[in-house]
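First up is the structure itself, then whatever we jot down about it.
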Amino acid sequence: MVVTSIDPVLDAQHPVPPGEFFDPPPSAGQDWQTAPPWFDGAGWIMPMGGFLLRSGDRTILVDAGLGPNIDIVETRGKLFDSLADLGVTPEQITDVVLTHLHLDHVGWVAPAGEPIFTHARHHCHRADYDWMRADPGSSNPATARVTDTIRAVSDLLDLAEGERTEIADSVALRLFAGHTPGNCVGEIETGEARVLLLGDTAHHPVLLVEDGWTDRLDEDRAAAARARDRLAQEMERTGAIGLGAHFPGTQGGRIIRDKQGARQWQPIPSSRIHTNSTHMKGTDR
């Protein structure tokens, strides 16, 4: 059994100055935050949400958005509408897979202290679970909210272990620690292509193809840089498609080399990724 559809599920989006997230290499121009090829005058309209997978009798939500309780975001609270547009209700979700335990990925798990996806098993990596439990009384409101969220679904929670854990047929969580201790990538087999749901392993494609960029939100910056390099090497070697939770327009892509041997990000329109029938094998290589 393979995954037959992958669809983005938008919950929120917000204009973000790239400099709030990234430190560029010295070679970047002074106007890098608003200049091509990575940004423009709008800076970065950052989506927040997740992806919906369907495989046989499983309907799997990978990451659960920002939720309804953060009022500083320009557009928010759209996850249920996005699911409805795909013909899915919360009761039909069989699995909620959390790539890591940050607030903008667990927001709809239990926003009022009770599980939203009551028929779903919830999955995260043990390393993140242990990291969260090590500071249960955190003075950081976001961390405390994540702790309360995971506690609310403790009876529905399955912990991934080690480097790779099968969640369902053709769906696995793979550990790429750095952004958080238990940060994971979702590995999806479609029958036509391997798709990697990157979570926050990379907030933006530039981090996968250009050297010298630093992500300020990584818990362990050195480990996160190593994880991204390992991921980029794998994507280049296998031709896997990468989908980032915060990539502009949730657009995916592959990593290729140009004639000078430099890594390049090759975007793939969303409409050519999200179904299994003909779109994936028609992508440009």
Examine distances only and state if a side-chain atom of [X] and a backbone atom of [Y] form a donor-acceptor pair shorter than 3.5 Å.
X      : Y      : answer
Ser82  : Leu10  : yes
Gln33  : Gly19  : yes
Asp31  : Ala35  : no
Asp220 : Ala223 : yes
Asp40  : Ala42  : yes

Within one Ile-Leu-Val-Met-Phe-Trp-Tyr cluster: Leu217 and Ile45, side-chain cutoff 4.5 Å: no

Within one Ile-Leu-Val-Met-Phe-Trp-Tyr cluster: Leu103 and Val16, side-chain cutoff 4.5 Å: yes

Intermediate values then yes/no, salt bridge (charged side-chain N to carboxylate O under 4.0 Å, His left out), Arg151 and Asp148: CA-CA 5 Å; Arg151 185 179 293 123; Asp148 291 343; 3.1 Å; yes

side-chain contact (heavy atoms from CB on, under 4.5 Å) evaluation trace for Ile241 with Leu196: CA-CA 6 Å; Ile241 296 169; Leu196 300 175; over 6 Å; no

Would you please say whether a donor-acceptor pair under 3.5 Å links the side chains of [X] and [Y]?
X      : Y      : value
Thr89  : Glu91  : yes
Asp200 : His246 : yes
Thr99  : Asp63  : yes

State whether [X] and [Y] are salt-bridged, where the test is any N-O pair (Lys NZ or Arg NE/NH1/NH2 against Asp/Glu carboxylate O) under 4.0 Å.
X      : Y      : value
Asp215 : Arg221 : no
Arg226 : Asp229 : no
Arg254 : Glu236 : no
Asp85  : Lys78  : no

Restricting to non-hydrogen atoms, name the atom on [X] and the atom on [Y] that form the minimum distance, rounded to 0.1 Å.
X      : Y      : value
Thr250 : Pro8   : OG1-CB, 3.7 Å
Leu208 : Met235 : CD1-SD, 4.4 Å
Thr180 : Glu219 : CA-CG, 4.0 Å
Leu175 : Pro181 : CD1-O, 3.7 Å
Leu197 : Leu53  : CD1-CD2, 4.1 Å
Pro115 : Ala152 : CG-O, 3.6 Å

Would you please indicate yes or no on a ring centroid separation below 6.0 angstrom for [Y] and [X]?
X      : Y      : answer
Trp265 : Phe247 : yes
Trp32  : Phe22  : no
His102 : His179 : yes
Trp38  : Trp213 : no
Trp108 : Phe117 : no

With side chains defined as the heavy atoms from C-beta onward, is the minimum distance between [X] and [Y] less than 4.5 Å?
X      : Y      : value
His14  : Met48  : yes
Pro18  : His204 : no
Leu52  : Ile60  : no
Phe21  : Arg216 : no
Ile116 : Val109 : no
Asp128 : Asn183 : no
Thr190 : Thr4   : no
Leu157 : Ile150 : yes

CA sep, side-chain torsions, deciding dist, call: Arg76, Asp11, salt bridge (charged side-chain N to carboxylate O under 4.0 Å, His left out): CA-CA 6 Å; Arg76 70 183 193 278; Asp11 180 44; over 6 Å; no

Partner of Asp95 by salt bridge (charged side-chain N to carboxylate O under 4.0 Å, His left out), out of Arg58, Arg121, Arg54: Arg58

With Arg174, the salt bridge (charged side-chain N to carboxylate O under 4.0 Å, His left out) member among Glu166, Glu234, Glu161: Glu234

[X] [atom1] to [Y] [atom2] distance, which is reported to the nearest 0.5 Å:
X      : Y      : atom1 : atom2 : result
Met1   : Asp169 : CE    : CG    : 6.5 Å
Gln264 : Gln266 : CD    : CD    : 10.0 Å
Glu189 : Ser55  : CD    : OG    : 11.0 Å
Phe39  : Thr34  : CZ    : OG1   : 10.0 Å
Thr201 : Asp218 : OG1   : CG    : 9.0 Å
His122 : Leu159 : NE2   : CG    : 12.5 Å

side-chain contact (heavy atoms from CB on, under 4.5 Å) between Leu198 and Phe176, worked out: CA-CA 9 Å; Leu198 308 183; Phe176 280 80; over 6 Å; no

Of Ile93, Val9, Asp7, the residue whose pairing with Val88 passes side chain to side chain contact (heavy atoms under 4.5 Å, CB included): Ile93

